[in-house]
Amino acid sequence: MIHIKSPEEGAALFKALGSDIRIAIVKILLEEPDMSMNELAGRLNITAGALTGHVKRLEECGVLKVSTEGAGHGNVKRCCVALDKILIDFRPELRKKNAWQVSLKVGQFSDCEIWPTCGMASKEGLIGEMDDVRYFSHPSRFAADILWLGQGYVEYTVPCFLPQGSRIDGLTISAELSSEAPGVNEVWPSDISFSINGVLLGKWTSPGDFGSRRGRLNPEWWYDSLNQYGFLKMLTVNREGTFIDGRRLSDVTLDALGLDERKGFRLRFSVDEDSGHVGGMTLFGRSFGNYEQDIEVRMDYSAAGENG
């Protein structure tokens, strides 16, 4: 998902999509998710040289991803659509004027239950050894900027420092996520569940563990054979229900979560044994993947005296 918060922020994307040919490229690749440049040029009835500039524009703004594979006497470039949604939020003045925000590093979890394949890494290197669950209790885990697990959960204690007497009106959580396959696998669905204070908000099915190209932020030492990037997912809970990327996920409202403006709450990401797709989970922090952020939490609130 790409989240655009202002017209200026979306300018490059809008320009990239402001072309009939580039729109046609996206439509074709949505119908046939993996095509070579030559196949795509043939469908559009243009030369490969003319196609290259259009594809580059779409790749630069995150709409397409291009991978290279060896074939015969040379390399073949293949294209596919790189995102699932574009969320546009142009009216910040409509947001709650009172908000409290906190960032949580992915290694800052307070509880976990882990099954391999699993591991953690910081910007500098691996934390412990891969597939050894003992390192999830090691103090060095707090430096982790990426973690992955085949099944289980990580749970975070989210602090809350709102003014006394405030009322929480909305909760927004965003994180970059993908599945976790042994190595990587572009088609590896996994049901990732989101819970607060033990209340299940809903599940999102990650389509795969992506590794056809390197994540934009990954450090140089990071292995090409491991998780490269995910989708940025935005979870919102308010008094109407729970939404993911603006789409209703469930009817769970704030009132069901037992939130207290003077206390923290428990936020859990999990892949449960009884899910339809048990394909693991990868959580990306600001030094890995495509989005320079940790787990971001925002609470919109009404201050004392403003409550209706």
Checklist entry - Just by modelled atom types, is the Phe288 backbone N or O under 3.5 Å from a matching donor or acceptor in the Asn218 side chain? => result no

Checklist entry - Relative to each other, are the rings of Phe210 and Tyr229 parallel, tilted or perpendicular (30° and 60° limits)? => result parallel

Next on the checklist: Closer than 4.0 angstrom, basic N to acidic O: yes or no for Arg239 and Asp255?
Outcome noted: yes

Checklist entry - Would Trp204 and Asp245 satisfy side chain to side chain contact (heavy atoms under 4.5 Å, CB included), going step by step from the backbone distance to the final call? => result CA-CA 11 Å; Trp204 167 68; Asp245 302 337; 5.8 Å; no

Checklist entry - Within the side chain of Ser190, is there an N or O that forms a donor-acceptor pair under 3.5 Å with the backbone of Ser206? => result no

Checklist entry - Can any side-chain N or O of Asn197 pair as donor or acceptor with the backbone N or O of Phe265 at less than 3.5 Å? => result no

Item to check | Donor-acceptor pair, side chain of Arg22 and main chain of His54, under 3.5 angstrom | outcome: no

Checklist entry - Can Ile244 be reached from Leu200 by stepping across I, L, V, M, F, W or Y side chains whose heavy atoms are under 4.5 Å apart? => result no

Checklist entry - To the nearest 0.5 Å, what is the distance between OG (Ser140) and OH (Tyr135)? => result 8.0 Å

Item to check | Verdict with supporting geometry, Asp272 and Ser270, side-chain hydrogen bond (donor to acceptor under 3.5 Å, both in side chains) | outcome: CA-CA 6 Å; Asp272 303 319; Ser270 64; 3.2 Å; yes

Checklist entry - Hey, does the side chain of Gln228 reach the backbone of Gly215 with a donor-acceptor pair shorter than 3.5 angstrom? => result yes

Checklist entry - Is it the case that one hydrophobic cluster holds both Val278 and Met281, taking links as side-chain heavy atoms less than 4.5 Å apart, direct or via other members? => result yes

Checklist entry - Side chains of Leu29 and Met35: does their closest heavy-atom pair fall under 4.5 Å? => result yes

Checklist entry - Hey, is CD on Gln164 packed in by over 12 heavy atoms from elsewhere, all under 6.0 Å? => result no

Checklist entry - Can you tell which of Arg298, Lys233, Gln293 makes a side chain to side chain donor-acceptor pair (under 3.5 Å) with Ser174? => result Gln293

Next on the checklist: Tell me the closest heavy-atom pair linking Trp148 and Ala121, and the distance in Å.
Outcome noted: CZ3-N, 4.3 Å

Next on the checklist: Are Ser166 and Asn98 packed together at the side-chain level, in the sense that at least one heavy-atom pair is separated by less than 4.5 angstrom?
Outcome noted: no

Item to check | Residues Glu129, Arg134: salt bridge by 4.0 Å N-O rule | outcome: no

Next on the checklist: When you compare the side chain of Asp111 with that of Tyr153, does any pair of heavy atoms fall below 4.5 Å?
Outcome noted: yes

Item to check | Connected via hydrophobic side-chain network under 4.5 Å: Val102 and Phe194 | outcome: yes

Item to check | Nearest atoms (heavy-atom pairs only) where Cys160 meets Glu261 | outcome: SG-O, 3.3 Å

Checklist entry - Taking C-beta and beyond as the side chain, do Tyr291 and Phe284 meet within less than 4.5 Å on heavy atoms? => result no

Checklist outcome for this item: Smallest heavy-atom separation, His277 atom then Pro189 atom, equals CB-O, 3.5 Å

Item to check | NZ/NE/NH1/NH2 to OD/OE distance under 4.0 Å, Glu186 and Lys65 | outcome: yes

Checklist entry - Counting distance only, does the side-chain N/O of Asp145 pair as donor-acceptor with the main-chain N or O of Lys123 below 3.5 Å? => result no

Checklist entry - With hydrophobic residues grouped by side-chain heavy-atom distances under 4.5 Å, do Phe109 and Val133 end up in a single group? => result yes

Next on the checklist: Can you confirm whether Leu259 sits close enough to Ile196 that some side-chain heavy atom of one is under 4.5 Å from a side-chain heavy atom of the other?
Outcome noted: yes

Next on the checklist: Within this structure, what is the CZ-CD1 distance for the pair Arg141 and Ile127, rounded to the nearest 0.5 Å?
Outcome noted: 10.0 Å

Checklist entry - Mind checking whether Leu51 and Leu58 sit in one hydrophobic cluster, side chains of I, L, V, M, F, W, Y counted as touching below 4.5 Å? => result yes

Checklist entry - Judged by atom type as modelled, is there a donor-acceptor pair below 3.5 Å linking the side chain of Thr242 to the main-chain atoms of Leu249? => result no

Checklist entry - What distance do Lys105 atom NZ and Ser122 atom OG have between them, rounded to the nearest 0.5 Å? => result 8.0 Å

Checklist entry - Is the shortest heavy-atom distance from the side chain of Val106 to the side chain of Asp294 under 4.5 Å? => result no

Next on the checklist: Any side-chain to backbone donor/acceptor pair from Ser36 onto Arg78? Under 3.5 Å, distance only.
Outcome noted: no

Next on the checklist: Between Arg57 and Lys15, does the side chain to side chain contact (heavy atoms under 4.5 Å, CB included) criterion hold? Intermediate values first, please.
Outcome noted: CA-CA 9 Å; Arg57 287 286 297 275; Lys15 289 178 180 178; 3.5 Å; yes

Item to check | Heavy-atom pair of closest approach, residues Thr253 and Leu257 | outcome: O-CG, 3.7 Å

Checklist entry - Under a 4.5 Å cut-off applied to non-hydrogen side-chain atoms, are Gln151 and Glu273 in contact? => result yes

Checklist entry - For the atom pair CG (Leu40) and SG (Cys80), what is the distance rounded to the nearest 0.5 Å? => result 11.5 Å

Checklist entry - Yes or no on side-chain hydrogen bond (donor to acceptor under 3.5 Å, both in side chains) for Asn290 and Glu176, after CA distance, side-chain angles and deciding distance? => result CA-CA 8 Å; Asn290 285 342; Glu176 185 175 355; 4.8 Å; no

Checklist outcome for this item: Heavy atoms of Pro207 and Ser179 approach each other most closely as C-OG, 4.3 Å

Next on the checklist: I need the Thr47 OG1 to Asn38 CG distance, nearest 0.5 Å.
Outcome noted: 10.5 Å

Checklist entry - Got more than 12 heavy atoms from elsewhere within 6.0 Å of CG, Asp274? => result yes

Item to check | Full working for ring-ring contact (aromatic ring centres under 6.0 Å, His included) between Trp100 and Phe161 | outcome: CA-CA 8 Å; Trp100 188 80; Phe161 293 96; 5.8 Å; yes

Item to check | Ile295 side chain near Phe269 side chain, heavy-atom distance below 4.5 Å | outcome: yes

Next on the checklist: If you apply the rule side chain to side chain contact (heavy atoms under 4.5 Å, CB included), what do you find for Val154 with Cys112, and how did you get there?
Outcome noted: CA-CA 4 Å; Val154 283; Cys112 68; 4.1 Å; yes

Checklist entry - Going from CD1 on Ile146 to CE on Met120, what distance comes out if it is rounded to the nearest 0.5 angstrom? => result 11.5 Å

Checklist entry - How close do Val184 and Asn227 get, heavy atom to heavy atom, and via which atoms? => result CG1-N, 3.8 Å

Next on the checklist: Strictly distance-based, threshold 3.5 Å: is any side-chain N or O of Trp188 a donor or acceptor partner for the main-chain N or O of Gly279?
Outcome noted: yes

Checklist entry - Is there a donor-acceptor pair closer than 3.5 Å between any side-chain N or O of Arg262 and the backbone N or O of Leu162? => result yes

Checklist entry - Passes side chain to side chain contact (heavy atoms under 4.5 Å, CB included), Asp169 versus Asn238? Steps please. => result CA-CA 6 Å; Asp169 298 316; Asn238 55 35; over 6 Å; no

Next on the checklist: Once you measure the plane-to-plane angle for Tyr223 and Trp221, does it fall in the parallel (<30°), tilted (30-60°) or perpendicular (>60°) bin?
Outcome noted: perpendicular

